[in-house]
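The chain is numbered in sequence order, starting from 1. The figures here come from the full heavy-atom set of this structure, side chains too, leaving out hydrogens, waters and symmetry mates. Atoms within a ligand are numbered from 1 in the order they appear, just like the ligands themselves.
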Amino acid sequence: MLIVQKFGGTSVGDLERIQNVASRVSSSKKDGHDIVVVVSAMSGETNKLVGYAEHFSKTPNGAEMDMLLSSGERVTASLLAIALTELGHNAVAMTGQKAGIVTDNHHTKARIEEINPQNMQNSLNEGKIVVVAGFQGVNAMGDVTTLGRGGSDLSAVAIAGALKADLCEIYTDVSGIYTTDPRIEPKAKKLDKISYDEMLELASLGAKVLQNRSVEMAKKLDVNLVTRTSFSHEEGTLITKEENIMEAPLVSGIALDRNQARISLMGVKDRTGIASDIFNKLANSEVNVDMIIQNKAHDGATNIDFTVPVSDIQDAKIVVDSFVNNGEIQADSYNEEICKVSVVGVGMRSHTGVAAKAFSTMADNNININMISTSEIKISMVIDEKYAELAVRGLHDAYELDK
Ligand code: ADP
Ligand code: ASP
Ligand code: MG
């Protein structure tokens with residue numbers, strides 16, 4: 001079999017753990033498999049590098065950020081290849097560029113455009129273990145780019161797709177996908193299987209165990225994706241097509257996203273096209289808008305509230321200021337003390353009352369809901385951040401996910 005194995009930050013968090021990864025990879029190779037390993041930076045390393053840049057600038061240049069941030073993954077890829085060689089294997093470390101990962105030009109959140117797997121394939125043909133630095137690629141001009149936070153998951157899935165690997169294993173610090181973050185709700189249960197669509201919702205709604213674009217890519221390329229722990233040999237969770245799951249549960253999981261901010265625009269001029277102007281400008285500035293609420297207009301003015309990731313606030317403010325300056329918005333305010341809790345499950349499609357139960361759970365816990373949005377397979381609520389954990393545990397209980 002050809003297996004892509006990705007090891008996250010905690011799994012390569014210190015030299016002893018890198019040694020442990022080397023032993024695991026070594027035994028898979030000895031079992032007769034061809035192995036491509038994708039590694040993250042050591043845990044905390046990327047945040048440390050971001051902090052270094054922020055010491056000098058609030059808005060550092062994207063190209064320099066990518067050169068800086070991509071260095072963390074190069075360290076672990078080289079060290080792991082050295083450790084594997086010492087164990088008697090033929091191993092080669094590659095940057096994203098050497099692995100043939102070509103992206104667009106959106107520094108710090110680049111999209112993969114194509115993968116030219118020739119270098120990786122040649123090394124595999126020579127019997128080598130290929131170790132790729134995750135989270136990075138190269139644009140058409142040859143500048144290094146990075147794929148957004150958590151992007152090593154995407155590197156692994158994309159490589160598995162390009163090489164038509166039999167399996168892509170994501171090794172992390174929990175033993176699979178749980179009904180909710182086991183660090184918040186110790187009663188959370190590990191799922192044997194979950195559908196791509198549910199996993200995509202959970203990941204997009206804050207469950208950082210898999211980067212959302214990696215799940216999207218796995219679905220598109222039909223990659224057999226397994227999440228498991230690098231600290232034991234416990235079986236993990238298979239992320240697969242919905243038809244491979246016999247009994248779809250009503251609710252599969254609860255997700256929490258603390259990284260949301262609410263932007264309130266007051267006294268917005270009530271003219272045709274104003275929402276289109278504001279939100280097009282936000283989109284052009286790459287601001288990721290999620291929920292939007294517009295109130296009924298009074299005296300020619302209305303209020304619009306929307307949520308964005310905390311990291312997009314600066315860019316959003318520049319856009320909002322341009323409307324404040326031309327008099328079309330009277331006042332703006334920014335609230336980072338909010339979070340979004342979501343209930344996800346494909347079973348909701350065919351059942352009523354799922355949303356009502358979420359709302360009454362909030363009411364029973366005296367939690368005020370600020371915003372609501374729903375889709376076929378999810379219900380999301382914006383609430384004050386101080387109630388985040390209470391809400392997650394309350395919902396986990398209400399849908400009996402520990403049973
Ligand atoms: P890595 O560094 O290996 O990429 P991450 O920190 O990105 O690992 O993701 C793993 C973490 O995701 C876990 O430690 C856990 O706290 C969190 N997590 C959030 N939601 C879930 C969930 N539903 N199931 C499992 N883990 C979850
Ligand atoms: N090191 C990067 C991050 O912390 C990428 C990753 O770990 O997947 O976001
Ligand atoms: Mg991760």
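- With a 4.0 Å heavy-atom cut-off, ligand 1 is reached by the side chain of Lys6 but not by its N, CA, C or O.
- Contacts of Lys208 with ligand 1, taken as heavy-atom pairs under 4.0 Å, involve both backbone and side chain.
- Close N/O approach between Gly9 and ligand 1 is found [any backbone or side-chain N/O within under 3.5 Å].
- Not a single heavy atom of Gly9 sits under 4.0 Å from any atom of ligand 2.
- The shortest N/O to N/O separation between Asp153 and ligand 2 does not fall below 3.5 Å.
- Heavy-atom proximity to Tyr178, at under 4.0 Å, picks out these atoms of ligand 1: 22 (C), 23 (N), 24 (N), 25 (C).
- Distance from atom 17 (C) of ligand 1 to its nearest protein heavy atom, with residue and atom name: Asp181 OD2, 3.7 Å.
- Of the protein's non-hydrogen atoms, the one nearest atom 7 (O) of ligand 2 is Ser40 OG, 3.0 Å.
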CA sep, side-chain torsions, deciding dist, call: Val92, Glu126, side-chain contact (heavy atoms from CB on, under 4.5 Å): CA-CA 11 Å; Val92 54; Glu126 289 162 13; over 6 Å; no
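- By the 4.5 Å heavy-atom criterion applied to side chains, Lys208 and Arg149 are not counted as neighbours.
- Counting protein heavy atoms only, atom 9 (O) of ligand 2 is closest to Arg149 NE, 2.6 Å.
- The closest donor-acceptor contact from the side chain of Asp181 to the backbone of Arg183 lies under 3.5 Å.
- At least one heavy atom of Glu73 sits under 4.0 Å from some atom of ligand 2.
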Verdict with supporting geometry, Gln211 and Val157, side-chain contact (heavy atoms from CB on, under 4.5 Å): CA-CA 10 Å; Gln211 190 222 30; Val157 171; over 6 Å; no
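- Test Val382, Leu256, Val392, Asp257 against Cys339 for side-chain contact (heavy atoms from CB on, under 4.5 Å) and you get one pass: Leu256.
- Looking only at side-chain heavy atoms (C-beta outward), Asn116 and Gln118 stay at 4.5 Å or farther from each other.
- Counting heavy atoms only, Thr172 comes closest to atom 8 (O) of ligand 1 of the residues Thr172, Val392, Thr227, Val209.
- Judged by distance alone, the side chain of Arg74 and the main-chain N or O of Ala133 form no donor-acceptor pair under 3.5 Å.
- Judged by the shortest distance from any of its heavy atoms, Gly176 lies inside the 4.0 Å radius around the atoms of ligand 1.
- Taking CG of Asp277 as the reference point, atom CG of Leu282 lies at 11.0 Å (rounded to 0.5 Å).
- Using a 4.0 Å cutoff on heavy atoms, Gly134 does not count as a contact of ligand 2.
- Remark: ligand 2 and Lys6 share no N or O pair separated by less than 3.5 Å (distance only, no angle test).
- If you check the side chains of Thr146 and Asp66, you find a donor sitting under 3.5 Å from an acceptor.
- The shortest side-chain heavy-atom distance between Ile239 and Ile170 does not fall under the 4.5 Å cut-off.
- Polar contact check, Asp153 against ligand 1: no nitrogen or oxygen pair lies under 3.5 Å apart.
- The distance from ligand 1 to the heavy atoms of Val174 drops below 4.0 Å at these ligand atoms: 13 (C), 14 (O), 25 (C), 26 (N).
- Within the structure, the closest approach of Leu202 to ligand 1 does not fall below 4.0 Å when heavy atoms are considered.
- On a distance-only criterion, Phe135 and ligand 2 share no N/O pair closer than 3.5 Å.
- Near Asp173, the atoms of ligand 1 lying under 4.0 angstrom from a non-hydrogen atom of the residue are 10 (C), 11 (C), 13 (C), 14 (O).
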Residue pair His107, Met67: steps toward the side-chain contact (heavy atoms from CB on, under 4.5 Å) verdict: CA-CA 10 Å; His107 282 291; Met67 195 151 131; over 6 Å; no
From CA spacing to verdict: side-chain contact (heavy atoms from CB on, under 4.5 Å), Thr95, Lys98: CA-CA 5 Å; Thr95 59; Lys98 184 76 194 264; 3.6 Å; yes
